[in-house]
Amino acid sequence: MERIKINVPDSYDVIIGKGILDKTADFLKEVGIEGKLAIVCDSNVAPLYLGRLESALKAGGYDTVHFVFPAGEESKNLDTLSDILEFFAESGLTRRDTAIALGGGVTGDMTGFASGAYMRGISYVQIPTTLLASVDSSVGGKTAVDLKAGKNLAGLFIQPKVVICDTDTLNTLEEGVYADGMAEVIKTAILGDAELFEALEKGSPRDNDEYVISRCVAYKGRVVSEDEFEMGVRKLLNLGHTPAHSVEKLSGYTVPHGHAVAMGLGIMTRSARAEGLIDQSLEKRILSLIEKYSLPTVSPYSSKELADTAFFDKKRQGNSISVIKVRGIGDCFIEKLQMNEVEALFTRGIK
Ligand SMILES: NC(=O)c1ccc[n+]([C@@H]2O[C@H](COP(=O)([O-])OP(=O)(O)OC[C@H]3O[C@@H](n4cnc5c(N)ncnc54)[C@H](O)[C@@H]3O)[C@@H](O)[C@H]2O)c1
Ligand SMILES: [Zn+2]
């Protein structure tokens with residue numbers, strides 16, 4: 001079992017280990033959680049883990065209620081958020097009670113948002129059950145729902161009280177969903193972890209989820225503790241994400257986030273090579289690593305389509321946009337580009 005402390009003003013631990021779902025009550029008591037627990041999870045995760053979690057919590061003396069919504073990104077909207085808030089109210093939750101997100105990034109993002117909004121903020125706990133949620137979305141306190149105009153356009157920052165990641169839950173993930181998480185793992189390795197990068201090249205993370213997740217959480221924790229509200233260095237975590245967001249949007253969100261990130265990493269890697277920032281051997285290593293995990297490196301959309309769509313990204317600042325460029329493993333930097341330079345950048349990165 002690993003424990004990683006996230007050093008934000010209200011610091012918290014991310015606990016990672018095999019079979020630790022059954023110990024959830026102990027972890028909640030450690031951080032002083034009392035009162036009622038409202039568990040939110042989706043329709044795929046509920047039959048797999050909800051009963052086990054509720055039994056463990058009841059055995060630990062907690063009173064629980066649960067809310068299940070239809071699985072999928074289509075549910076990450078204001079309607080479901082409203083249903084969750086109404087559920088909290090109907091369950092009589094007060095400010096001393098706690099919400100628990102049991103599931104992937106969709107569940108975590110909505111539960112966090114609802115917790116931040118309900119009665120102006122109640123505490124919440126993340127129990128990630130996808131690789132993506134374990135390495136990325138459950139840490140750092142960003143929450144959101146999608147609006148018709150685009151993804152994650154409404155949200156707030158709220159840090160969880162504790163994150164409990166039972167690596168055994170990843171065993172039931174479909175291959176493609178596991179691969180989505182691998183895209184964020186590879187992104188993290190490129191950003192700041194040469195040892196992880198080499199480990200991924202050599203072995204299979206499925207045999208060593210605890211190591212892979214711990215390394216990613218430690219990296220994200222360092223970045224988030226320096227820049228909780230994404231005013232500077234936290235922007236690095238968006239490596240590959242500008243083209244990725246365009247791919248997601250152009251596909252009508254049928255390309256999942258992780259697959260789109262893999263394409264974005266492919267584009268930023270090839271463009272780095274074209275600009276002379278990296279050599280051919282590193283380009284090949286990164287592209288091969290993405291492909292090793294059955295992820296795509298090539299976008300089905302043209303650089304013009306990607307750039308035009310990026311123009312509407314929420315991360316745009318006036319007429320410019322920040323992109324993250326790769327100069328080496330553990331050596332990426334933020335560059336502000338004028339909107340008309342973005343298409344040229346993507347053109348260099350399109351195969
Ligand atoms: N807040 C952040 O910082 C942040 C960062 C990255 C991504 N995100 C968000 O996260 C979301 C994507 O997360 P995701 O990929 O986890 O999506 P998800 O929550 O939809 O989960 C993917 C699929 O896996 C299923 N599932 C979850 N756990 C399972 C398990 N253990 N066994 C079997 N099936 C399981 C779900 O039901 C779903 O069908 C996006 O909405 C994205 O915007 C947020
Ligand atoms: Zn991402």
Side-chain angles (χ1 to χ4, degrees), residues 6 21 40-50 52-53 68-77 80 101-113 116 124 126-147 150-160 163 165-188 191 209 216-217 220-221 223-224 228-230 234-245 247-249 253 255-265 314-315 324:
I6 309 297
L21 191 65
V40 178
C41 83
D42 76 22
S43 52
N44 290 337
V45 174
L48 292 168
Y49 304 110
L50 179 59
R52 212 176 111 199
L53 177 62
V68 180
F69 65 90
E73 183 73 32
E74 312 77 67
S75 285
K76 204 176 113 172
N77 56 37
T80 316
L102 172 69
V106 166
T107 306
D109 277 11
M110 282 198 296
T111 311
F113 192 167
Y124 85 112
Q126 291 269 18
I127 305 186
T129 65
T130 64
L131 182 60
L132 186 139
S134 305
V135 299
D136 194 351
S137 60
S138 67
V139 180
K142 271 195 190 178
T143 74
V145 296
D146 304 333
L147 300 183
K151 264 195 70 173
N152 296 327
L153 285 181
L156 46 81
F157 282 96
I158 174 176
Q159 302 290 346
V163 181
C165 175
D166 181 343
T167 53
D168 282 347
T169 62
L170 307 183
N171 295 336
T172 48
L173 286 178
E174 283 173 13
E175 284 302 321
V177 178
Y178 189 88
D180 281 326
M182 276 312 299
E184 302 283 7
V185 171
I186 294 168
K187 175 198 80 176
T188 306
L191 282 172
D209 283 321
C216 291
V217 169
K220 186 163 182 186
V223 172
V224 166
E228 188 179 354
F229 300 109
E230 197 169 313
R234 187 168 178 173
K235 289 194 173 91
L236 283 173
L237 300 176
N238 293 319
L239 173 62
H241 278 56
T242 301
H245 289 150
V247 168
E248 286 182 88
K249 196 162 184 192
Y253 299 101
V255 175
H257 182 68
H259 279 66
V261 168
M263 293 173 199
L265 293 176
K314 69 176 182 299
K315 298 219 162 63
I324 315 308

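Source: prediction; values computed, not measured. Heads up: numbering here begins at 1 and tracks the sequence. In each ligand, atom 1 is the first atom listed, and ligand 1 is the first ligand listed.
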What are the protein N, O or S atoms, given as residue plus atom name, that sit under 2.8 Å from the Zn ion (ligand 2)? Glu184 OE2, His241 NE2, His257 NE2

Working to the nearest 0.5 angstrom, can you tell me the gap between Leu132 CG and Leu173 CG? 10.5 Å

Can you work out which protein residues put a heavy atom within less than 4.0 Å of ligand 1? Asp42, Asn44, Val45, Leu48, Tyr49, Ala71, Glu73, Lys76, Gly104, Gly105, Val106, Asp109, Thr129, Thr130, Leu132, Asp136, Ser137, Lys142, Lys151, Asn152, Thr169, Thr172, Leu173, Val177, Lys220

Could you walk me through whether Asp166 and Arg52 pass the salt bridge (charged side-chain N to carboxylate O under 4.0 Å, His left out) check? CA-CA 12 Å; Asp166 181 343; Arg52 212 176 111 199; 3.3 Å; yes

Is the shortest side-chain N to carboxylate O distance from Lys151 to Glu248 below 4.0 Å? yes

Report the C-alpha distance between Asp209 and Tyr178 in whole Å, list the side-chain angles of each, state the deciding distance to 0.1 Å, and finish with yes or no for side-chain hydrogen bond (donor to acceptor under 3.5 Å, both in side chains). CA-CA 11 Å; Asp209 283 321; Tyr178 189 88; 2.6 Å; yes

Under a 4.5 Å cut-off applied to non-hydrogen side-chain atoms, are Lys187 and Met182 in contact? no

By side-chain contact (heavy atoms from CB on, under 4.5 Å), Ala262 pairs with (sequence neighbours left out) Ala183, Ile290, Leu295, Pro296

If the condition is side-chain contact (heavy atoms from CB on, under 4.5 Å), which residues does Val255 pass it with, not counting sequence neighbours? Val247, Ser251, His259, Ala260, Met263

Pair Glu73-His257, side-chain donor/acceptor within less than 3.5 Å: no

Cut-off 3.5 Å, side chains only: do Asn152 and Lys76 have a donor facing an acceptor? yes

